[in-house]
Amino acid sequence: MSPPRPSGGGYALVPGTIGDIARRLDAASQGVDGTASGAPAAPDAGDCTAAVAEALGFLADSLAGVAEGLDAAAEAAVNSEDIYERAEQASTVQSCRPDDGAR
């Protein structure tokens, strides 16, 4: 369930949501990276063994790239959470100041 929208418009975010996203991205990165590093050796495929080994190597490299991308996305989410929290704190401090009438 989402929090009620602020009366002044804008947006609202349940605390910890971005952190949850970052943790899920990190877990996915770990899982994909584990799969990539645990790739089996090429099976004996007769004349095609070299081609199968090359294809498995390509897939392992591709999975490593996916893991790297997920890791980068997790890091970006953590950074976004920090920025969001600072903005939230700044807006709370700003809205708590008494109106001195100066405009």
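Keep in mind the model is a prediction, meaning the values are calculated, not measured.
- With sequence neighbours excluded, no residue satisfies side chain to side chain contact (heavy atoms under 4.5 Å, CB included) with Ser80.
- Taking Ile, Leu, Val, Met, Phe, Trp and Tyr as hydrophobic and joining them when side-chain heavy atoms fall under 4.5 Å apart, one finds Val32 in a cluster with Ile21, Leu25, Leu63, Val66, Leu70.
- Listed by chain and number, the residues in a side chain to side chain contact (heavy atoms under 4.5 Å, CB included) with Ala53 are Ala42 (sequence neighbours excluded).
- Sorted by first then second residue, the side chain to side chain donor-acceptor pair (under 3.5 Å) pairs that include residues 16-29, not counting sequence neighbours, are Asp20-Arg23.
- Within the structure, side chain to side chain donor-acceptor pair (under 3.5 Å) pairs that include any residue of residues 51-76 do not occur (at least two apart or interchain).
- With hydrogens and angles disregarded, a donor-acceptor distance shorter than 3.5 Å links the side chain of Glu81 to the backbone of Gly19.
- No side-chain heavy atom of Gln30 sits under 4.5 Å from any side-chain heavy atom of Asp33.
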